[in-house]
Amino acid sequence: MAKTQRREATQQSGVRLCQFFGVSLESQIKQIPTKYSQAESTKFLVLTVVSILCIVAVLLGSTVIYCLRHRSHHKLKEKLTNLGTDTGNDATSTYQELCRQRMAVKPPTERSEPISSRINSVSSQFSDGGPAVSPSARSSISSWSEEPAHHNMDISTGHMILSYMEDHMKNKDRLAKEWEALCAYQAEPNACTVGLKEGNTKKNRSSAVVAYDHSRIPLKVENSQGNSDYINASPIMDHDPRNPAYIATQGPLPSTVADFWQMVWENGCVVIVMLTPLVESGLKQCYHYWPDEGSNLYHIYEVNLVSEHIWCDDFLVRSFYLKNMQTNETRTVTQFHFLTWLNQNVPETSRTLLDFRRKVNKCYRGRSCPIIVHCSDGSGRSGTYVLIDMVLNKMAKGAKEIDIAATLEHLRDQRPGMVQTKDQFEFALTAVAEEVNAILKALPQ
Ligand SMILES: *[C@@H]1O[C@H](CO)[C@@H](O)[C@H](O)[C@H]1NC(C)=O
Ligand SMILES: CC(=O)N[C@H]1CO[C@H](CO)[C@@H](O)[C@@H]1O
C-alpha cells in the first residue's frame with residue numbers, strides 16, 4: 001500500500017517536471033520569429049536537443065532516486081519482517097499479559113451480576129462452537145431474592161384470586177371438597193400399554209405413574225441405548241397444542257440415565273428443574289445422573305459439569321455442557337436443584353419456592369423448548385411446581401379467568417398423579433396467592 005503510494009508520488013513529480021520543461025520549451029518556441037534564417041534554425045535545433053537532453057537527464061535522475069528509495073524501503077520491510085518473527089514470542093506474552101490484566105479487572109463486575117446473566121454468558125460462550133479450554137467445574141455461593149418479574153397481570157383477576165384464596169383459607173371444608181372432587185377425576189384416555197410392556201416396566205420407578213400412550217415423549221429408537229422409544233416422561237401442554245411447555249418425568253434410574261440425556265438432547269431442552277434430593281431417609285429418590293466433576297459419557301451423550309452455584313440452603317444451580325458424540329454438536333444445559341422438598345410433602349415456605357421459580361424463569365426467558373421438571377416419580381412435586389408455574393404464567397400474560405382446579409385436571413389428562421396430596425394442592429394455592437400479592441404490591445398504585 002505505502003509502496004504504491006510512494007511510486008505514484010514519484011511519477012507525479014516526474015510528470016510535473018516534464019510539464020515545467022514543456023512550458024519553457026513552448027515559450028522559447030514562441031520567441032522564435034515565424035520567418036527564420038538557416039543560422040536561426042540551427043540555433044533552434046541545438047536548443048531543442050539541449051532541452052531534450054535536460055529532460056532525459058531529469059527523468060533518468062528521478063528513476064534512479066525512485067529505484068534507490070524502493071530498495072531501501074524493501075530493505076526496511078525485510079528488517080521489519082525479521083523483527084516481527086524475532087519478537088513474536090514477546091508480542092504473544094504482551095498480549096497474554098493484557099488478557100490477564102483484563103481478566104483481573106473483570107471478575108468483580110461479574111460477581112455483582114445476577115445468576116441468569118452469568119448463565120447466559122456461559123451458554124453464549126459455548127454455543128459458539130465449544131470452549132477453547134476444557135471447562136473446569138467452579139463452585140460459588142451467593143444468595144439474594146429475585147424481584148417478581150415484569151407483569152401484564154390483570155389487576156381485577158389478581159384481586160379475584162386473592163379473595164378466592166382468603167375464602168379457602170377460612171373455609172377448609174371447601175378446600176377438602178374440592179380436593180375430593182379432584183381425586184375422583186378420571187383422565188380419559190388413560191391407557192399405558194407401552195410403558196407396561198415387557199422390557200419397559202423396569203424403566204418405571206413407580207407402577208402408579210407411567211406415561212400415558214397418548215401423552216408420552218418418544219425417543220428416537222436409532223439413537224437409543226436400549227433400542228426402545230420408551231421413557232417415563234410426559235409432555236405437558238399449556239396454550240400451544242403442538243409444543244409442550246414442560247416435560248414432566250421421573251428421576252432417572254441407573255438404567256435410564258442415557259435415555260434421559262437423549263430426551264434432553266432430542267427435545268432441545270436447556271433447563272432442568274429437579275425437585276428432589278437424591279436420597280430421603282435412606283430411600284433413593286433419583287440416580288445421580290450428572291458427573292460430580294469433569295465429564296461422564298452416557299451412551300453417545302457426554303455431560304461435562306461446568307459450574308455449580310449454591311444459592312442458599314434450599315437450592316443450587318449447575319451448568320452442564322452437553323455434547324452429542326455422534327454429531328459433535330454441543331449445548332449448555334442449566335439444572336436448578338431444589339434440595340429441601342421431600343416426597344409427599346411441601347416446601348417449608350412458599351417464598352423459597354417462588355424465589356427458585358423466578359430464577360428458573362429468568363434463565364429460561366425467551367426460549368421455546370420445554371422445561372424438564374422431575375422429582376422422584378415425576379408427579380407429586382413436579383405436578384405442584386408445574387401447576388404453580390402454569391397458573392402464574394397465565395396471569396402474567398393477562399388471563400382474565402383462572403381456574404386452578406381445572407388447570408390441575410388439564411395436567412392430570414397428560415400425566416397421572418400430578419399433585420399427590422391435599423397439602424400439595426393447598427400449597428400451590430398459597431404460593432399462587434403469595435406471588436399475586438407480591439405483584440399487586442409492586443404495581444404502581
Ligand atoms: C467429531 O470429532 C472427531 C474428533 O475431532 C472427528 O474425528 C469426527 O470425524 C467428528 N465427527 C463428525 C460427525 O463431525
Ligand atoms: C409397574 C412396574 O413394573 N414397575 C417397575 C418399574 O421399574 C422399577 C425399577 O426397576 C420397579 O421396581 C417397578 O416394579
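First listed ligand is number 1; within each ligand, the first listed atom is number 1.
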Is the closest basic N to carboxylate O distance between Arg358 and Glu435 below 4.0 Å? yes

Rounded at 0.5 Å granularity, tell me how far CG in Asp259 sits from CG in Asp229. 10.0 Å

Does some side-chain heavy atom of Val273 sit less than 4.5 Å from a side-chain heavy atom of Gln335? no

Heavy-atom nearest neighbour in the protein, as seen from atom 10 (C) of ligand 1, with distance rounded to 0.1 Å: Asn328 ND2, 2.5 Å

For ligand 1 and Thr327, I'd like to know whether there is a polar contact (N/O to N/O, distance under 3.5 Å). no

Does the protein put a heavy atom less than 4.0 Å from atom 1 (C) of ligand 1? yes

Within 4.0 Å of some non-hydrogen atom of Gln326, the atoms of ligand 1 are 13 (C)

Residue that, paired with Phe320, satisfies ring pair (Phe, Tyr, Trp, His ring centres under 6.0 Å) out of Trp265, Tyr289, Trp261: Trp261

